[in-house]
> 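One structure, pasted below without further comment.
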Amino acid sequence: MLSLPLVYTILALIAYTSSFWYLFIHLMTKRTPNQWFVGLTALVGLVLHALVLSGDMYTPMGMNYDVFALLSFTSGLMLLLSIIYSTYRPIIALNLIGIPVAATGLILGFSFTQPAKVIAQNSLGLDIHIILSLSAYAVLLMATIQAVILRFQDRELKKKQKRRVWVNLLPSYQDMESLLFDMLMTGFILLTLALGFGFFTIDNFFAQHLAHKTAFSIVSWLVYGALLIGHWKFGWRGQKAVRFTLLGFGLLALGFIGSKFVLEMLLNK
């Protein structure tokens with residue numbers, strides 16, 4: 001007999017597949033896809049995805065932070081943001097990336113999540129801090145990927161190449177750049193909230209070996225803030241925006257990966 005989470009997973013994958021192939025076929029045949037159909041079928045998949053994920057993450061002992069459950073969460077969040085952004089920017093083609101990413105995250109989460117990664121002595125505030133942090137990392141990762149794509153587009157435009165892969169397949173450079181700043185603003189707000197909750201819910205950063213991660217997160221926050229202020233006040237864009245975005249995420253990743261390395265490899269915690 002099929003379990004309810006398995007039924008939800010199968011139905012979510014059907015919804016994701018329907019949305020993906022409808023969009024793919026219409027774009028390949030140069031027909032205009034019905035944006036409502038793409039968005040609604042993908043959202044049905046996301047609702048079912050969330051039902052599966054809630055069973056994986058919410059346990060009687062507290063929130064389960066298994067790596068595969070977190071992959072499922074971040075992949076679903078990426079698709080949700082991709083759908084939202086495509087409602088007011090002409091970037092519906094980017095859902096061809098977001099849908100497979102969400103489907104892959106769902107499969108990995110359902111198949112491999114272990115129900116034992118619960119933080120001892122956690123609280124609602126700490127759970128909110130962790131979820132906000134993961135959300136900020138996911139959105140800023142999307143912005144970093146977007147920045148790399150913009151670099152490729154800029155190179156093709158400046159070199160006037162005859163075969164322009166990135167320019168021809170994706171929305172215009174201006175639309176992609178506007179999307180980058182949408183992502184950066186969303187990620188900056190989430191990171192601000194995550195840092196705020198962290199300061200109010202974590203008693204001793206040094207005792208909990210979080211000073212390294214916190215320092216890099218704050219420096220990264222300053223980099224993103226400087227870029228957004230520079231864009232708003234001085235019109236910063238183009239390759240300067242790309243460099244700031246890559247620097248900001250590099251610092252954020254260094255803080256996260258460095259903390260994991262120190263705790264798990266050096267301190268065996």
> Same cluster or not: Val47 versus Phe110, using hydrophobic residues (I, L, V, M, F, W, Y) connected whenever any side-chain heavy atoms lie under 4.5 Å apart?
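As far as the 4.5 Å side-chain criterion goes, Phe110 and Val47 are not connected within one cluster.
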> Is any side-chain heavy atom of Ile25 less than 4.5 Å from a side-chain heavy atom of Arg31?
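Yes. Closest side-chain heavy atoms under 4.5 Å.
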> Mind checking whether His49 and Ser75 have side chains closer than 4.5 Å, heavy atoms only?
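Contact flag for His49/Ser75 side chains = yes.
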> Is the closest side-chain heavy-atom distance between Tyr173 and Leu157 below 4.5 Å?
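The answer is yes; the side chains approach within 4.5 Å.
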> Tell me if the CZ atom of Arg237 is crowded by more than 12 foreign heavy atoms within 6.0 Å.
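Open.
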> Shared ILVMFWY cluster between Val242 and Trp232, side chains joined below 4.5 angstrom?
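No, because Val242 and Trp232 fall into different hydrophobic clusters, even though each may have its own neighbours under 4.5 Å.
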> In this structure, are over 12 heavy atoms from other groups packed under 6.0 Å from Phe37 atom CZ?
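Yes, because the 6.0 Å sphere around CZ of Phe37 holds more than 12 heavy atoms from other groups.
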> For the backbone of Phe197 and the side chain of His129, can you confirm whether one donor and one acceptor N or O come within less than 3.5 Å of each other?
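Pair absent, no side-chain N/O of His129 close to backbone of Phe197.
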> Do Glu177 side-chain atoms and Gly238 backbone N/O form a donor-acceptor pair below 3.5 Å?
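Checking the backbone N and O of Gly238 against the side chain of Glu177, a donor-acceptor pair under 3.5 Å is found.
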> Are Leu140 and Tyr224 side-chain neighbours, meaning at least one heavy-atom pair lies under 4.5 Å?
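Side-chain contact under 4.5 Å: yes.
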> So for atom CZ, which belongs to Phe24, do other residues, nucleotides or ligands contribute more than 12 heavy atoms lying within a distance under 6.0 Å?
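Open: at most 12 neighbouring heavy atoms sit under 6.0 Å from CZ of Phe24.
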> Do Ser220 and Val223 touch side chain to side chain, with heavy atoms closer than 4.5 Å?
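Side-chain contact under 4.5 Å: no.
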> Linking I/L/V/M/F/W/Y whenever any side-chain heavy atoms sit under 4.5 Å apart, do Trp36 and Ile91 land together?
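The answer is no; the residues belong to distinct hydrophobic clusters.
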> Relative to the ring of Trp221, is the ring of Phe188 parallel (under 30°), tilted (30 to 60°) or perpendicular (over 60°)?
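If you compare the ring of Phe188 with that of Trp221, the planes turn out parallel.
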> Heavy atoms, side chains only, cut-off 4.5 Å: are Leu70 and Met57 in contact?
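They are in side-chain contact.
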> Evaluate side chain to side chain donor-acceptor pair (under 3.5 Å) for Thr186 paired with Tyr85, printing each intermediate quantity in order.
CA-CA 11 Å; Thr186 305; Tyr85 292 140; 2.9 Å; yes
> Just checking, is any N or O donor in the side chain of Ser172 or Asp175 under 3.5 Å from an acceptor N or O on the other one?
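Indeed, the side chains of Ser172 and Asp175 share at least one donor-acceptor pair under 3.5 Å.
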> Within the 4.5 Å heavy-atom criterion, are Ile131 and Phe73 side-chain neighbours or not?
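The answer is yes, as the side chains (C-beta and beyond) meet within the 4.5 Å cut-off.
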> Is Ile83 close to Val38 at the side-chain level, that is, under 4.5 Å between some pair of heavy atoms?
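Answer no - side chains too far apart.
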> When you group the ILVMFWY residues by side-chain heavy-atom contacts below 4.5 Å and let the links chain together, are Val219 and Ile229 in the same group?
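No.
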> Would Asp127 and Tyr65 count as having a side-chain donor-acceptor pair, cut-off 3.5 Å?
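The criterion, which ignores hydrogens and geometry beyond distance, is satisfied for Tyr65 and Asp127.
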> Examine distances only and state if a side-chain atom of Thr87 and a backbone atom of Ile84 form a donor-acceptor pair shorter than 3.5 Å.
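Pair found, side chain donor or acceptor close to backbone of Ile84.
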> Using a distance-only test with no angle check, is there a side-chain donor-acceptor pair under 3.5 angstrom linking Asp182 and Tyr88?
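Per modelled atom types, Asp182 and Tyr88 side chains form a pair under 3.5 Å.
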